[in-house]
Undergrad: 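First the structure, which I've put down as structure tokens, then a few questions once you've had a look.
Both ligands and their constituent atoms are indexed starting at 1 by order of listing.
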Amino acid sequence: MQDIAKNIQRIKAEIAAELIKSGRKVEEITLVAVTKTHPVQDIETALKSGITHFGENKVQEAVRKLAMLSAPYAGFHFIGHLQSNKINQLLALKPLLIHSIDSLYLADKLHRALGRTNRTQEILVQVNVTEEESKSGVSFDNAKEMIAKIAGYSTLYVRGLMTIGKLDPDPEVSRPYFKQLKALFDEVRKDFPEGFDYLSMGMSHDWQIALQEGSNMLRIGSAIFGNRVHGDRK
Ligand SMILES: *Cc1c(COP(=O)(O)O)cnc(C)c1O
């Protein structure tokens, strides 16, 4: 049995301790509790225990769970690979941020869907920094060009970048990739005077490293809710 409230308290304290080392403030960091595969009851518990942002990676699962959720929250984040035929269902859930825009094709479909309902959407561009085939994301080399093109869509606000580190038990393995994405983030940021300010990287096993390398948005699942029943970390 996981003590979700205790886990949240512990992680928040650990994040605060890590930030002190670099002189950064807790308010600069968004902690997204990743609730995929976990029951609605656990999301409710988290929302009553200091979590305000949570994320899901499958549209179908999010549709089912959000309908049952009664506790208030500041933001629902979509962090998984988005299939274009699920866009309308996702938009109905009013995601605060979609972390996983990984192609111009998807950006274009999203733009059209938003245009039909006169809406706008904040997104991150997912970069496959580790260049692993099993992962979604635009390649590092193509990222800048894609960001520039997506920024041209009137309905889409590119708020930053997202990546998934290596799923290696040793989190140090991911440090060079996090460094690389931070450098790209800083570079792109120069062309975006306003609003390009989220760097979403770091999960349960590697968030310390990600934070040290400049992340300001952590996506943490198993360290809060325990192991997933049917793990899918894509
Ligand atoms: C599942 C998932 C996470 C959280 O993973 P944990 O290792 O459980 O913290 C973070 N980001 C994405 C994109 C995920 O799919």
Undergrad: Short list, please: which atoms of ligand 1 are under 4.0 Å from a heavy atom of S204?
TA: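 Near S204, meaning under 4.0 Å from one of its heavy atoms, ligand 1 has 6 (P), 7 (O), 8 (O), 9 (O).
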Undergrad: I'd like to know if the side chain of E213 and the backbone of K179 have a donor-acceptor N/O pair within less than 3.5 Å.
TA: no
Undergrad: Short N/O distance, under 3.5 Å, between H205 and ligand 1?
TA: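 Checking ligand 1 against H205, no N or O pair falls under 3.5 Å apart.
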Undergrad: Can you see whether Q83 engages K86 through a side-chain donor-acceptor pair at a distance of less than 3.5 angstrom?
TA: yes
Undergrad: Before giving the answer on side-chain contact (heavy atoms from CB on, under 4.5 Å), spell out for L91 and L110 the whole-Å C-alpha distance, their side-chain angles and the decisive distance to 0.1 Å.
TA: CA-CA 9 Å; L91 290 178; L110 186 57; 4.0 Å; yes
Undergrad: Can you tell whether the side chains of R159 and E122 come within less than 4.0 Å, N to carboxylate O?
TA: yes
Undergrad: Can you find an N or O of I164 that's nearer than 3.5 Å to an N or O of ligand 1?
TA: no
Undergrad: Going by the order shown, which atoms of ligand 1 are within less than 4.0 Å of some heavy atom of I79?
TA: 11 (N), 12 (C), 13 (C), 14 (C)
Undergrad: Run the numbers for me: atoms of ligand 1, each under 4.0 Å from some heavy atom of R219, listed by number.
TA: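 Numbered from 1, ligand 1 contributes 4 (C), 9 (O), 10 (C), 11 (N), 12 (C), 13 (C).
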Undergrad: Tell me whether ligand 1 is touched by H99 - counting only heavy atoms on the residue side and a distance under 4.0 Å.
TA: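 Not so, H99 does not reach ligand 1.
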Undergrad: Could you tell me which atoms of ligand 1, counted from 1 in the order shown, lie closer than 4.0 angstrom to a heavy atom of G221?
TA: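 Counting from 1, the qualifying ligand atoms are 4 (C), 6 (P), 8 (O), 9 (O).
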Undergrad: Taking side-chain hydrogen bond (donor to acceptor under 3.5 Å, both in side chains) as the test, write out the residues that go with E131, two or more places apart.
TA: none
Undergrad: Pick out which of E56, M68, H38 makes a side-chain contact (heavy atoms from CB on, under 4.5 Å) with I43.
TA: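 It is E56, the one option of E56, M68, H38 that forms the side-chain contact (heavy atoms from CB on, under 4.5 Å) with I43.
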Undergrad: Enter the distance from I8:CD1 to D3:CG here, rounded to the nearest 0.5 Å.
TA: 9.0 Å
Undergrad: In terms of atom number and element, which parts of ligand 1 are under 4.0 angstrom from non-hydrogen atoms of I220?
TA: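 Near I220, the atoms of ligand 1 are 9 (O).
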Undergrad: Which option wins on minimum heavy-atom distance to atom 10 (C) of ligand 1: K36, M203, R228?
TA: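 Closest candidate by heavy-atom distance is M203.
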